[in-house]
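First up is the structure itself, then whatever we jot down about it.
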Protein chains: 2
Amino acid sequence: MTELQRRPTLMDVAKAAGVSRALVSIVMRGAPGAAESTRQKVLEAARELGYRADSRARLLRSSRTKLLGLIFSSSQPFHAEIVDAAYAEASARGYEIALSAVATGRPEARAIETLLDVGAEALIIIAPTLSTEDLALHARRVPVVSLLRDDVGDLVDSVSSDDYAGIRIAVDHLASLGHRRIAHVDGGTAVSSDQRREAYRTEMLRHGLEPVVVAGGPDEETGMRAGQVLQADLPTAVIAFNDRSALGIMESFRAAGISIPADISVLGYDDSHFARLSYVQLSSISQDAPLLAAAAVDRAVDRIEGTLPPGRVVRTPHLVLRKTTGHAGAQKVGQN
Amino acid sequence: MTELQRRPTLMDVAKAAGVSRALVSIVMRGAPGAAESTRQKVLEAARELGYRADSRARLLRSSRTKLLGLIFSSSQPFHAEIVDAAYAEASARGYEIALSAVATGRPEARAIETLLDVGAEALIIIAPTLSTEDLALHARRVPVVSLLRDDVGDLVDSVSSDDYAGIRIAVDHLASLGHRRIAHVDGGTAVSSDQRREAYRTEMLRHGLEPVVVAGGPDEETGMRAGQVLQADLPTAVIAFNDRSALGIMESFRAAGISIPADISVLGYDDSHFARLSYVQLSSISQDAPLLAAAAVDRAVDRIEGTLPPGRVVRTPHLVLRKTTGHAGAQKVGQN
DNA sequence: ATCATCATCTAGATCGTTCTAGTCCGACCA
DNA sequence: TGGTCGGACTAGAACGATCTAGATGATGAT
C-alpha cells in the first residue's frame, strides 16, 4: 500500500550531497555563495529525493511569507471579479494571496485574525465595514489597504474609485443626450451610497437641473420598489446606485409596459457580469475591477517592501455604453 | 509615529503571567494539567496582550493547524453559498477555513499548493476538474473531499447531490401536472451535465414519454439560444440544466411573447439566489448548498481526526415550488 | 516518620528552516 | 616570503510553538 511518507528535509539532501544543511539552503534559495559544481550536485540530490522546502519552517525563520491577505464578502458577485484580478497581479509581483471571506456569522474581525495567523504580511479589505479606529488598530501591526472605501484614517491605505467623477460622467452623459429630468435611485445604507447621492445632487445643480432622489438599496428587490415609485411621475432618465438595482428598476418598468430606452433611459453602476448579458445590455459606469485590484495589490506590496507612508489612490471610472440609454427625444416618438 | 509592533509570543504571555512558556501553551490549547486559578490568570494575560498562537510555529512542531482548505471558483455564484455554509460548520467543529480560488490563469493545482503551504490538514474542492489520478496523488498526502462531483476514485472522499434523483423529481413533478411534452436543455460540457441528461432520458422513458434534449450550457447566453431553438416546436414544459440557463430560456420566451407558466412551464436547477427574486420566482431543484457544505466539512474533519476510510456521501435534492411551473392544461386556457 | 501518589508546573529538546559569524584555503601582491 | 583578501563552506543559534521527562510540594496511606 501507499505509505504516508515523511517528506525529505534539508538534512536529508545535505547528507545525500555530502555538504552542510546551510549550503543546501543557499542553493535551494538561489542565494549567492556556492560554487557552480556543488550547486549542481545539490540540485541533483534534491531532485532525486523529491525535496520541497517546508514553507512552515521557512516562514517561521525568515518572517517573510510573501503572503497578501485579501478579505471579501461571499455574497457580493462584484468582489469575485476583484479576487480574480488580485491573484493575477499578486503573482506578477511574486506574492501569493490568502483569502478570507466575510460570511453570515463571520464578521470582518474574524476574517482578519485568520489571515494574520497564517502569516499575511499585508491586508487588503474590500469595502471594509470596520470603524476607522479598528482599522487603525490593525494597521499598527501590518499594512492595511482599504479597497472601495476611502474614509479610513491616516494609517490605512485606500484604493478607491472616484464616486464623484463616476456620477459626473453619468449626469454629463444623460444631459448630453438631452435629458433634463434625471432621477437617482440611491443605495440606502450601502458603502458609497452617500457619496454618489451627494455627487448626483451637486452635478444636477451644476447643469441647472432639479435633482430627484428615490430611496433604494444595493439589490434587485429594492431597485424594483424604487422603480414603482418612479412611475408615479416618470422622469426621462434614471441613474441607479448599481447594476443590480438597475435590473430591478428595469424589471418594474417592463411589468408596467414602459420601454427602455424609448420611454426612459437607465444607467447602472459597476459594469458587472449581468450588465453585459446580451438581453440586458445595460449601459453602466465601470469602476474597472481589475485595475482597482491591481492598484490595491501594488499598494500593499509597496508598503511591505518599501517604507513609503500610507496614502490614497483614486481611479477615475468610465462609461460603458450599451443599449439602455438613448436620446431624450426618443420617448416622444415611442409614446406617439 | 506608531511603530510596527512585534506580535506577542508565548514567552511574552509567560512573563506577564509569571509562569513558564510550557504552561501557557497548555492553557492556550485547553490541554489538561493546569490549575483553574492559573488558567484564568494566563488567559487574562493573553487577552491583555492580544496574543494569538502563530500557526506556522504551531504547525512546525505539532502538525496540527486545525485548518481546512477550501477550493472554489471565483466565477461561480453558487460556490459562494457553499463557502458561506462551510465557514459555519467548520467553526462549529473547531476548525478554521483557508480559502483558495480557481481564477483565470490560476489552475486548481496552484490553488492546492497554496493551501498545503499554509498548512491545511484536509482539502475540500468544489467541483474539481483535475483527473482522478491527480486527485489521488494529493490524497496520499492529505484527506481530499470532492464536493459536487463523485467519480473521483477510491482515495478521495466525495459529497455530492444525487443528480439522478433531482431529475427524477423534476420529471415526476411536471408529469404530475399533466405535462407530456417535456424538453431538457442540457449543460454542455459542465460538470454533472452528462448525468442529468441521461437521468432525464431514462426518466422520460419510464413515464412513457419521448425525451427531447436541446444543447445548452451553464449560463444565460447558452440558455437563451436553446430557448430560441425550443420555439420551433414548443413543448409544454422544459427542465433547464441550471437556474442561469433557465433565466436565458425564459428571456427568449419573453422576447417571443410566450408566457410562463401559461404557455410553458420552466424548471431550474440549483435554487440559486436569483431564482428567489420576486420578479423571477423560478421553480427549481435545490441541492441545498448549506447541507452539502456541512457534509463536506464533517467528512473532512472525520477523516482528519478518525481513521475512517474515504467514502461517498450522496444527498437527495428537493423541489422548491415557485411560479414558473403550472398545470399542463393551463396553456390552453392561456391561449384561448 | 516515611514513602508513594497525584496534581501542578518547568527545563530543555525538538520541528525544518534561515541567518550570523565564523573557518579554511588558495591566490595575489608587495 | 608573509600578509591580506575573498570565495566556498560550515557550526550553531535563532524563529515560536509543542512535547517529553522530570522537579516540586501537598496529601494520604502505612
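Chain A is the first sequence line, chain B the second, and so forth, proteins listed ahead of strands; every chain is numbered from 1. Note that the structure is a prediction, hence the values are computed from the model and not measured.
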Should [X] be listed as having a side-chain N or O under 4.0 Å from OP1 or OP2 of [N]?
X	N	value
S25(A)	dT17(C)	no
S20(B)	dT10(C)	yes
T9(A)	dG16(C)	no

Separation of [N] [atom2] from [X] [atom1] (nearest whole Å):
X	N	atom1	atom2	answer
L23(A)	dC19(C)	CG	P	15 Å
K15(B)	dG16(D)	NZ	P	11 Å
D12(A)	dC15(C)	CG	P	11 Å
R56(B)	dT18(D)	CZ	C1'	16 Å
L67(B)	dA17(D)	CG	P	16 Å
R52(A)	dG16(C)	CZ	P	16 Å
R7(B)	dG16(D)	CZ	P	10 Å
R29(A)	dC19(C)	CZ	C1'	8 Å

Can you tell me whether the side chain of R21(B) and the base of dT18(D) have a donor-acceptor pair closer than 3.5 Å?
yes

So among K66(B), E305(B), E121(B), which one has a side chain to side chain donor-acceptor pair (under 3.5 Å) with Y95(B)?
E305(B)

Work out which heavy atom in V159(B) is nearest to a heavy atom in V145(B); give both atom names and the distance.
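Smallest heavy-atom distance, with atoms named: CG2-CG1, 4.1 Å.
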
For a quick test of reading the model, state the closest non-hydrogen atom pair linking D84(B) to S74(A) and the distance between them.
OD1-OG, 2.8 Å

Any side-chain heavy-atom pair of E96(B) and R110(A) under 4.5 Å:
yes

Nearest-nucleotide wise, let me know which of A57(B) and M28(A) is further upstream toward the 5' end of DNA chain C.
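It is A57(B) whose nearest nucleotide is closer to the 5' end.
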
Want to settle it: does I26(B) or M11(A) sit nearer the 5' end of DNA chain C, counting the closest nucleotide to each?
I26(B)

Picking from dG16(C), dA13(D), dG12(C), which would you name as closest to the side chain of L60(B)?
dG16(C)

As a test of reading the structure: which of dC15(C), dA13(D), dT10(D) is closest to the side chain of R61(A), going by heavy atoms?
dA13(D)

Mind listing the residues from residues 35-50 of chain A sitting with a heavy atom below 4.0 Å of DNA chain D? Number order is fine.
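DNA chain D contact set from residues 35-50 of chain A: A35(A), T38(A).
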
Give a yes-or-no answer on whether the side chains of T9(B) and R21(B) include a donor-acceptor pair shorter than 3.5 Å.
no

With no hydrogens and no angle check, just 3.5 Å: does a side-chain donor-acceptor pair link Q40(B) and E44(B)?
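No.
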
Do other residues, nucleotides or ligands put more than 12 heavy atoms under 6.0 Å from the CG atom of D134(B)?
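More than 12 heavy atoms, drawn from other residues, nucleotides or ligands, come within 6.0 Å of this atom.
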
